[in-house]
There are 2 protein chains.
Amino acid sequence: MPHSASSPKGRPGRPRSAAADRAILDATRAALVDLGWGKLTMGDVAARAGVAKTTLYRRWANKNELVVDAVAVLFDELELPDLGCLQADIEGVVRQFGALLARPETKTALMAVVAESTTDDALRERIRSAIVDRQKRLVVLGRERAQQRGELPPDVPGPEGALAAARTAGLIFDLIAGAIVHRTLVTAEPVDAEWAHRLSTVLLQGLGGLD
Amino acid sequence: MPHSASSPKGRPGRPRSAAADRAILDATRAALVDLGWGKLTMGDVAARAGVAKTTLYRRWANKNELVVDAVAVLFDELELPDLGCLQADIEGVVRQFGALLARPETKTALMAVVAESTTDDALRERIRSAIVDRQKRLVVLGRERAQQRGELPPDVPGPEGALAAARTAGLIFDLIAGAIVHRTLVTAEPVDAEWAHRLSTVLLQGLGGLD
DNA sequence: CTCTTACGCTACGGGTCGTAGCGTAACTCG
DNA sequence: CGAGTTACGCTACGACCCGTAGCGTAAGAG
């Protein structure tokens with residue numbers, strides 16, 4: 001989803017090249033792997049994509065937005081496995097997320113755009129809609145499944161119950177995603193099966209004590 | 001701790017100006033607040049500090065290392081309060097860390113250098129020694145205090161017990177620091193007393209179930 | 001006083017940014 | 001098919017920042 005307006009409708013003129021879109025996003029990820037965020041240049045991406053530099057600027061206003069879009073699609077790979085019990089499902093998601101963040105282009109790009117978003121509200125909103133909110137569904141879905149299995153108590157009915165459920169989901173998301181990111185990027189140790197198991201154990205045990 | 005060699009010893013010649021060091025680091029933090037990471041330039045920092053650009057390069061090889069040092073000192077403010085029970089101690093640290101990360105220069109700089117460290121091993125090591133390891137002590141200290149109070153079981157003696165303790169401390173650190181960072185920077189909501197309480201509750205409840 | 005190092009200043013080549021202008025390519029509509 | 005409209009590739013450009021070199025001067029050590 002490039003930056004400019006949508007074009008699918010019967011608008012006159014030559015349409016945007018979808019192949020160029022893909023080539024640019026692929027080139028951006030490749031360049032991130034090779035060069036990292038700091039040394040990534042728009043000219044280099046254009047050259048790798050076999051595209052004129054002006055074509056990049058017709059679609060994305062700057063490096064930040066380009067990289068957000070280039071990385072966002074990677075997060076759509078994540079799925080909530082249905083392994084029959086909540087702990088196994090959590091472990092599955094943790095390992096998927098860990099594997100995703102182990103990829104050089106993912107960790108480099110994600111942290112860089114998050115850093116930039118601290119002084120750029122539009123970018124923060126773009127990250128939220130393109131990446132974060134898409135993944136929060138995994139937490140909500142996991143809770144619903146566990147409630148149907150009877151592993152978690154059902155939500156308290158009424159607005160205050162829904163509020164409490166939303167807050168808890170937010171806390172869980174911050175805990176899981178934050179811990180994985182921190183381990184991968186700061187501690188710099190792998191998210192292996194054993195660590196995922198320990199994390200899910202703490203979470204499950206801990207959630208029983210909330211209110 | 002600038003990049004170049006140490007100079008305190010009776011080395012001939014004019015010594016490095018300690019005032020310039022402080023002015024540069026202060027200017028770096030101020031520039032981070034105003035400009036963010038992406039638009040921060042060495043020339044701008046030098047101008048703010050009232051120092052020649054060449055003086056910056058005599059001490060720090062590049063923007064990354066300068067910013068790491070500029071931000072590292074902020075993390076030394078963190079202390080483990082002794083409030084008499086483990087949960088209160090954890091909440092205190094969580095709120096301190098949250099307040100620290102709420103400052104614009106801290107979050108901007110921390111994420112930016114972490115992003116850069118994914119493709120720069122030397123920078124990663126600098127971050128680890130200057131920031132991460134300094135804070136891990138809080139976790140270790142908190143565990144020791146809780147064990148003395150009888151709130152946590154003592155470590156299993158022997159090497160495998162120490163290993164398990166180290167792994168648990170690492171997990172806790174990733175959980176706490178990761179969750180706070182994620183909430184502050186990605187979710188973009190404040191680390192208030194209520195959230196700190198819920199986090200510490202989950203942690204305490206969850207740690208009982210490990211092994 | 002001499003030696004050595006740090007500092008401020010100026011200047012510079014090299015690189016990236018983001019834009020403008022042009023001719024051409026591709027598609028829609030009448 | 002022709003006219004209108006939009007996208008593309010290419011070139012060129014001013015602006016900015018980087019990191020370094022060279023010089024004269026300032027400040028401690030012996």
Side-chain angles (χ1 to χ4, degrees), chain A residues 1-28 31-32 34-67 112-113 116 120 122-123, chain B residues 1-28 31-32 34-67 112-113 116 120 122-123:
Chain A
M1 265 173 216
H3 171 261
S4 68
S6 54
S7 64
K9 260 304 178 185
R11 169 147 126 274
R14 176 177 178 175
R16 289 273 169 88
S17 161
D21 274 350
R22 271 184 284 105
I24 291 170
L25 294 177
D26 290 348
T28 302
L32 276 171
D34 292 350
L35 307 173
W37 166 264
K39 294 177 182 170
L40 176 69
T41 71
M42 299 292 265
D44 185 80
V45 170
R48 286 172 190 253
V51 154
K53 198 174 55 166
T54 45
T55 298
L56 262 74
Y57 283 105
R58 289 193 186 97
R59 298 162 194 236
W60 290 276
N62 52 55
K63 210 164 87 171
N64 292 327
E65 309 209 339
L66 169 61
V67 170
V113 295
E116 220 57 38
D120 183 338
L123 182 62
Chain B
M1 270 176 208
H3 171 261
S4 66
S6 53
S7 63
K9 258 304 177 185
R11 170 145 126 274
R14 176 178 178 176
R16 288 273 170 89
S17 161
D21 275 349
R22 272 183 284 102
I24 292 170
L25 295 177
D26 290 347
T28 303
L32 276 172
D34 291 350
L35 307 173
W37 166 265
K39 295 176 182 169
L40 176 69
T41 71
M42 298 292 264
D44 185 80
V45 171
R48 286 172 190 254
V51 154
K53 200 173 53 165
T54 45
T55 299
L56 262 74
Y57 284 104
R58 288 192 187 100
R59 298 164 193 234
W60 291 277
N62 51 55
K63 210 166 87 171
N64 292 327
E65 309 209 338
L66 169 61
V67 170
V113 295
E116 220 60 37
D120 183 339
L123 182 62

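Numbers restart at 1 for each chain; the letters A, B, ... are given by sequence-line order, proteins then strands. Heavy-atom basis, side chains included; hydrogens, waters and symmetry copies ignored.
- Between A/N64 atom CG and C/dC17 atom C1' there is a gap of 14 Å when expressed in whole angstrom units.
- A donor-acceptor contact under 3.5 Å links the side chain of A/K53 to the base of C/dG18.
- Comparing A/R14 and B/G13 along DNA chain D, the residue whose closest nucleotide (by nearest heavy atom) sits nearer the 5' end is A/R14.
- Computed from coordinates, the A/Y57 OH to D/dG9 P distance equals 15 Å when rounded to whole Å.
- Rounded to a whole Å, the CH2 atom of A/W37 is 16 Å from the P atom of C/dT16.
- The side chain of B/A20 lies closest to C/dC7 when the candidates are C/dC7, C/dA6, D/dG9.
- Residue A/R58 places no side-chain N or O under 4.0 Å from the OP1 or OP2 atom of C/dT19.
- Within the 4.0 Å cut-off from OP1 or OP2 of C/dT19, not a single side-chain nitrogen or oxygen of A/T54 is found.
- Residue B/R11 places its side chain closer to C/dT5 than to any other of C/dC7, C/dT5, D/dG9.
- A/L66 has its side chain within reach of A/M42: a pair of non-hydrogen atoms, C-beta onward, lies under 4.5 Å apart.
- Distance, A/K39 NZ to C/dG14 P: 19 Å, rounded to whole Å.
- Closest approach to the B/A52 side chain among D/dA29, D/dC18, C/dC9 is made by C/dC9 (side chain taken as heavy atoms from C-beta onward).
- Between A/D21 atom CG and D/dA7 atom P there is a gap of 12 Å when expressed in whole angstrom units.
- The list of side chain to side chain donor-acceptor pair (under 3.5 Å) pairs with a residue in residues 37-51 of chain A, not counting sequence neighbours, reads A/D34-A/R48, A/D44-A/R48.
- Between A/D21 and A/R16 there is no salt bridge, since no side-chain nitrogen of the basic residue lies less than 4.0 Å from a carboxylate oxygen of the acidic one.
- Within the 4.5 Å cutoff, side-chain heavy atoms of A/I24 are placed close to those of A/W60.
- If you check C/dC17, D/dC17, D/dG28 against the side chain of B/T41, the one that comes closest is D/dC17.
- The distance from atom CG of A/L56 to atom P of D/dA7 is 15 Å, rounded to the nearest whole Å.
- Contact of the B/K63 side chain with the B/E116 side chain is not registered, since no non-hydrogen atoms from C-beta on lie closer than 4.5 Å.
- In this structure, A/M42 places its CE atom 11 Å from C1' of C/dT16, rounding to the nearest Å.
- Using a 4.0 Å heavy-atom cutoff across all strands shown, A/S17 reaches sugar-phosphate atoms only and no base atom.
- For C/dA6, one of the phosphate oxygens OP1 or OP2 lies less than 4.0 angstrom from a side-chain nitrogen or oxygen of B/R16.
- Separating the CD atom of B/E65 from the P atom of D/dG19 is a distance of 11 Å, rounded to the nearest angstrom.
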